[in-house]
Every structure is written in structure tokens, then in C-alpha cells.
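Read the structure below first, then the notes.
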Amino acid sequence: MPELPEVEVTRRSFADAIAGARVQGVRLGKPLRWPLGVAEQVMLGREVGAVTRRGKYLWLPLHGGGASGGGLLLHLGMSGSLAFQTRPAEPGPHDHFDLRTSQGLLRLNDPRRFGAVVWSESLEQGPAAKLLAGLGLEPFDPRFDGPHLKVGLSGRRVAIKQALLAGDIVVGAGNIYACEALFLAGIDPRAQAGRLSGPRCARLAAAVRQVLGAAVEAGGTTLRDFKDAHGVAGSFQMQAQVYGREGESCRVCQTPIRRIVQGQRSTFFCPTCQKR
DNA sequence: CAGTGGCCCTGAGCGC
DNA sequence: TGCGCTCAGGGCCACT
């Protein structure tokens with residue numbers, strides 16, 4: 001479900017509300033992708049700091065407790081969402097992590113359980129460091145531009161769509177936004193990554209930033225169940241040009257949108273507007 | 001080292 | 001109504 005925009009929208013929706021809260025307890029449901037890796041006792045009484053995001057991960061620093069550092073690294077996987085409630089409901093069958101605090105309950109709901117909540121001593125060490133190590137630049141980092149993309153893609157024989165999705169050059173463009181960015185840039189998703197010209201790399205870098213930025217502003221994409229931490233749905237799906245539109249006509253040239261499979265993921269594109 | 005595919009799970013939708 | 005199949009917004013890891 002959540003790509004960078006959904007994760008960012010989620011972050012913004014509860015960061016202020018939880019900042020400064022004291023941890024009062026933890027509840028675990030079924031196992032997520034990895035074990036939490038810390039005893040509840042370690043977190044009790046700690047103060048929640050400023051929630052940050054790196055790629056599709058959220059970092060929830062937990063200060064104090066004598067031992068100083070530490071925090072929780074969260075990932076929403078394919079079907080995860082966070083809710084922050086001041087009047088907590090009973091946990092449902094897919095509520096697999098609760099952080100009870102003095103200012104409300106942060107709850108992870110994740111039917112497929114590809115998501116994760118992992119304790120780490122800091123972002124720079126422990127499990128967090130390892131998980132974030134291979135990530136590319138943030139799309140809104142000024143260093144992410146055409147030349148950076150060109151260098152990252154050089155020598156790669158995979159299709160540009162798969163190279164974007166890999167996240168080691170630029171993070172955050174998942175299956176929806178990779179398709180949308182390639183449409184916006186007029187690039188065929190099957191084009192060989194390492195063969196993209198400088199100008200096309202520049203166009204693609206701009207398109208990635210534009211699509212992700214627009215999606216954040218629209219509150220993310222709600223295909224079926226994405227909601228922010230206060231239960232608000234996104235609306236970017238309304239402006240999707242290609243994703244999920246197989247057989248429908250291109251909004252620019254009326255050619256039917258095609259769906260193909262790349263690396264076991266669906267790709268949607270306009271065979272007329274997007275060129276190799 | 002780049003590239004490929006399996007796998008971790010549950011639920012929805014569809015054809016029969 | 002029920003069954004079996006396919007597909008779904010991610011990404012780690014083993015293997016070639």
C-alpha cells in the first residue's frame with residue numbers, strides 16, 4: 001500500500017500529536033516481518049521525540065530512560081497503516097503493534113504483516129543502520145537531479161521501471177508512482193536504464209519529484225484502504241494517468257493504456273506517449 | 001557485481 | 001453460495 005507519499009502523509013498526521021508523549025505500554029499482536037528486539041521495560045517512561053521519515057521508513061525516537069538513545073523504526077509494508085487515537089478502540093485481528101502513550105495510542109494495523117516495528121539504538125547503528133544502508137537519495141534532496149540519476153543508472157541493463165523501483169538511486173517511488181513518473185517523463189518503462197540520455201534523466205528526475213510532491217499534497221493514494229493516522233483518505237488516485245487504467249484511454253492521446261509485467265509487478269503505460 | 005526469482009502473509013475479486 | 005485461482009501499494013535474501 002504505502003509508498004513514500006502515504007508514509008509522509010501518515011507521519012505528518014500524527015507527529016505533532018505524539019511529540020513529547022511518555023511511553024506507558026506496548027502490546028504486540030501476531031508477529032510482523034521481524035521481532036521487535038527490545039523489552040517493553042526499556043521503553044516505559046521514555047519520551048517520544050520528533051518523528052522522521054527515511055524512504056518508506058518512519059523513525060520514532062524514544063528519549064530518556066537513563067540510557068539516552070534508541071527508538072523504533074517502522075515500515076508499513078504492503079498493507080500497513082498507523083492510527084493515532086486519544087480514545088483507543090479494542091484491538092482488531094490485524095492490529096499487531098500498539099504503543100500506548102500519555103497523549104494517545106499509536107496502533108499499527110497490517111493484514112498482510114509485511115510491515116515491521118524494530119528497536120534500534122539509533123539511526124546510525126544497529127538494525128536501523130543496516131536496513132537504511134542501501135537506500136538512495138530522498139527525492140526532494142537537492143542533490144537528486146538528472147546527473148545523479150544518470151550516474152546511478154549507468155551500466156545497468158535492467159528496465160528503467162525496475163531500476164527506479166529498486167530504490168538504491170532514489171527512494172520512495174513504488175509501483176504506482178514509478179509508473180506515473182515514467183508517464184510524465186514520456187519514457188517507456190521497458191527502456192534500458194543505462195541507456196537513458198542526460199536530458200531524459202533530467203526529465204525523469206523532475207517527474208519523480210513532481211509526482212511524489214503532488215501525491216503528498218493530495219494526501220496520498222487511496223486505492224482501497226489507505227488512511228492517515230486520523231483516518232483521512234488520500235485522493236491522488238483521481239489524478240493517476242496510467243496506474244490501474246489498463247484498457248482505458250490515455251488522458252493525453254486516447255491510446256488504450258497497456259499493462260505488462262516487469263519483475264513480477266504490474267506496469268502501466270501509454271504505448272504512444274512513452275518512448276524507448 | 002548485476003540481475004532474477006522466491007518468499008513472507010491475508011483478503012478481495014472473478015470465473016465457474 | 002462455494003471453490004480455486006490470480007492479484008495486490010514492499011523489500012529482503014539466496015542464488016546464478
[X] has an atom [atom1]; how far is it from atom [atom2] of [N], in whole Å?
X      : N      : atom1 : atom2 : result
A/R224 : C/dA8  : CZ    : P     : 11 Å
A/D225 : C/dA8  : CG    : C1'   : 10 Å
A/W34  : C/dG10 : CH2   : C1'   : 10 Å
A/L223 : B/dG13 : CG    : C1'   : 15 Å
A/L212 : C/dG9  : CG    : P     : 16 Å
A/F226 : B/dA12 : CZ    : P     : 19 Å
A/D168 : C/dG11 : CG    : P     : 12 Å
A/L74  : C/dG10 : CG    : P     : 17 Å

Side-chain donor/acceptor of [X] to backbone N/O of [Y], under 3.5 Å:
X      : Y      : result
A/R113 : A/P31  : yes
A/E6   : A/E3   : yes
A/R195 : A/A191 : no
A/R46  : A/L62  : yes
A/Q237 : A/T222 : yes
A/R200 : A/L204 : no

Requested in this report: Map every base of DNA chain B to its dot-bracket character, where paired means a Watson-Crick or G-U wobble contact with both distances under 3.5 Å and | marks a partner outside the strand.
Outcome: .|||||||.|||||||
Report task. Give a yes/no on whether any side-chain N or O of A/Y177 is located under 4.0 angstrom from OP1 or OP2 of C/dG9. Result -> no
Query raised in the report: Does the side chain of A/H75 get closer than 4.0 angstrom to OP1 or OP2 of C/dG11 through an N or O atom?
Result: yes
Report task. Using distance alone, with no hydrogens and no angle criterion, decide if A/D228 and A/T10 have a side-chain donor and acceptor under 3.5 Å apart. Result ->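 A/D228 vs A/T10: no donor-acceptor pair found between side chains.
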Query raised in the report: Does one side chain, of A/K227 or A/S81, offer a donor that lies under 3.5 Å from an acceptor on the other?
Result: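 Result is no, nothing qualifies.
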Atom [atom1], compared across [N] and [M]: separation rounded to whole Å:
N      : M     : atom1 : answer
C/dG9  : B/dG3 : C1'   : 23 Å
B/dC9  : C/dC3 : P     : 24 Å
C/dG11 : B/dC1 : P     : 22 Å

Query raised in the report: So, do A/Y243 and A/F183 have ring centers that fall under 6.0 Å from each other?
Result: no
Requested in this report: Decide salt bridge (charged side-chain N to carboxylate O under 4.0 Å, His left out) for A/E138 and A/R143; before the verdict, give the C-alpha distance in whole Å, the side-chain angles of both, and the deciding distance to 0.1 Å.
Outcome: CA-CA 9 Å; A/E138 286 290 322; A/R143 291 172 295 171; over 6 Å; no
Report task. Quick one: label A/Y57 by what it contacts on the DNA or RNA (base, sugar-phosphate, nothing), any heavy atom closer than 4.0 Å. Result ->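 The residue A/Y57 makes sugar-phosphate contact but no base contact.
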Query raised in the report: Can you give one letter per nucleotide of nucleotides 2-9 of chain B, going 5' to 3': B for a protein heavy atom under 4.0 Å from the base, S for sugar-phosphate only, - for none?
Result: -SSBB-BB
Query - Per A/S266 side chain, nearest of listed nucleotides C/dC12, C/dG10, C/dA8 - result: C/dA8
